[in-house]
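Comments concern the structure below.
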Amino acid sequence: MAQTPLTVTVTGAAGQIGYALLFRIASGQLLGGGRRVKLRLLEIPAAVRAAEGTALELDDCAFPLLAGVDVFDDPKQAFEGANVALLVGARPRTKGMERGDLLAANGGIFKPQGEAINAGAAPDIKVLVVGNPANTNALIAQAHAPDVPADRFTAMTRLDHNRAIAQLARKLQVTVGQVKKLTIWGNHSATQYPDVFHAEVDGRPAAELIGDRSWLADEFIPRVAKRGAEIIEVRGASSAASAASAAIDHVHDWINGTPEGDWTSAAIVSDGSYGVPAGLISSFPVVARDGRFEIVQGLDVDEFSRQRIDASVAELQEERTAVQGLGLL
Ligand SMILES: NC(=O)C1=CN([C@@H]2O[C@H](COP(=O)(O)OP(=O)(O)OC[C@H]3O[C@@H](n4cnc5c(N)ncnc54)[C@H](O)[C@@H]3O)[C@@H](O)[C@H]2O)C=CC1
Ligand SMILES: O=C([O-])CC(=O)C(=O)O
């Protein structure tokens with residue numbers, strides 16, 4: 001297919017997620033549809049050499065859809081002409097840290113990147129923030145890109161979504177493909193709310209199949225919400241390949257659409273739906289159509305769910321206040 005290649009900018013290209021992500025993008029899995037891709041990699045000066053090494057390996061894969069790789073340490077150059085931007089570069093947390101501890105350390109990265117996206121990205125730019133705290137970093141980048149429609153800035157809760165599907169499938173002894181309509185609400189943090197009350201397994205209500213609210217409250221929800229910490233504890237480093245895989249899923253669905261009869265989860269700018277204050281970047285049940293995410297409307301939210309959504313949204317509001325205090329918004 002002789003289409004013009006799309007340009008994908010990846011920050012933190014020399015990091016552990018970057019290393020798991022770039023080869024999948026270059027093989028065509030991010031954009032789908034046999035589209036060709038040009039990669040623009042952004043790193044801090046000290047890691048440019050390592051990113052250049054990864055670029056050499058990308059060459060060596062002879063990916064038919066890869067139309068070129070360039071490495072930069074200047075955000076303005078890196079985001080020039082970008083159709084898709086994956087903002088991965090940030091410091092990961094280590095044992096004992098909460099994602100909120102990263103606010104100050106990582107917040108400063110996203111202001112200049114938002115400005116660079118505003119200055120030079122393509123008119124159809126789609127941004128996925130992976131670097132933590134992802135929702136609030138996305139808010140910072142968006143605030144510094146006033147000419148880009150706000151709904152182009154999203155943050156990743158697809159990893160949480162995928163984790164929740166895997167846990168539910170294991171509990172019910174079904175395949176992951178049988179689980180549909182699961183939702184992650186709120187922040188990509190330990191307050192997130194993985195909601196099974198609209199989920200279906202082969203069209204049957206998952207909550208009825210589980211039939212055990214204490215498993216939901218005491219095992220499933222904390223397991224999913226704290227899975228990042230579990231990975232750090234067991235692996236000795238934060239999740240990387242699974243995060244890269246979720247980033248591929250998020251952007252692939254955004255561009256190509258979500259399957260009929262299902263939805264996914266993404267942190268997108270709230271329009272006030274489900275009582276989430278407009279303007280916050282919070283996770284919702286979403287479908288993607290014609291290159292846009294839309295919030296799935298009309299779902300019943302009972303008291304059990306309401307309390308948990310509200311707690312996570314309250315944390316997002318606290319994060320927003322904290323970065324306002326740091327002068328980042
Ligand atoms: N949203 C999610 O579901 C997940 C988010 N994460 C987050 O992703 C981020 C990256 O994680 P890893 O790849 O494991 O970290 P890493 O430390 O292996 O790599 C981060 C890379 O970012 C680079 N970097 C730092 N500042 C930069 C800047 N201003 N511009 C460009 N590059 C910059 C560093 O040089 C480094 O190479 C962390 O914040 C981590 O917490 C990780 C897993 C899941
Ligand atoms: O927990 C972390 O710090 C990394 C992350 O976001 C995740 O694995 O969900």
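In each ligand, atom 1 is the first atom listed, and ligand 1 is the first ligand listed. Only heavy atoms go into these numbers, but all of them, side chains included; no hydrogens, no water, no symmetry mates. These numbers come from a predicted model, not from an experiment.
- For ligand 1, the atoms closer than 4.0 angstrom to any heavy atom of Ala14 are 37 (O).
- Remark: side-chain polar atoms of Thr11 are paired, donor with acceptor, to backbone N or O of Gly89 under 3.5 angstrom.
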Review item, side-chain donor-acceptor pairs of residues 122-129, under 3.5 Å, at least two apart:
from: Asp124; atom 1: OD1; to: Asn83; atom 2: ND2; distance (Å): 2.9

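- Taking distance alone, with nitrogen or oxygen atoms compared against 3.5 Å, His188 approaches ligand 1 more closely than that limit.
- Of the N or O atoms in Ile109, none lie within a sub-3.5 Å distance of an N or O in ligand 1.
- In this structure, Asn106 contributes its side chain and Arg91 its backbone to a donor-acceptor pair below 3.5 Å.
- Residue contacts with ligand 2 for Arg163 involve side-chain atoms from C-beta outward but no N, CA, C or O (heavy atoms, distance under 4.0 Å).
- When only interatomic distances are considered, the shortest N/O to N/O separation between Asp160 and ligand 2 does not fall below 3.5 Å.
- Residue pairs meeting the side-chain hydrogen bond (donor to acceptor under 3.5 Å, both in side chains) criterion with at least one partner in residues 134-159, sequence neighbours excluded, are Asn118-Asp147, Thr136-Glu319, Asp151-Arg292, Thr154-His250, Thr157-Ser283, Arg158-Asn162, Arg158-Asp253, Arg158-Thr264.
- For Arg213 and Asp302, the salt-bridge test passes: some basic side-chain N is under 4.0 Å from an acidic carboxylate O.
- The contact set between ligand 2 and Ser239, taken as ligand atoms under 4.0 Å from a residue heavy atom, comprises 7 (C), 8 (O).
- For the pair Thr11 and ligand 1, the shortest N or O to N or O distance does not fall below 3.5 Å.
- The closest approach between Asn132 and ligand 2 falls below 4.0 Å for a heavy atom of the residue.
- The existence of a salt bridge linking Arg306 and Glu303 is excluded, since no basic side-chain nitrogen approaches an acidic carboxylate oxygen closer than 4.0 Å.
- Using a non-hydrogen distance threshold of 4.0 Å, Gln113 registers as a contact of ligand 1.
- With a heavy-atom cut-off of 4.0 Å, His188 touches ligand 2 through its side chain alone.
- Polar contact check, Gly18 against ligand 1: no nitrogen or oxygen pair lies under 3.5 Å apart.
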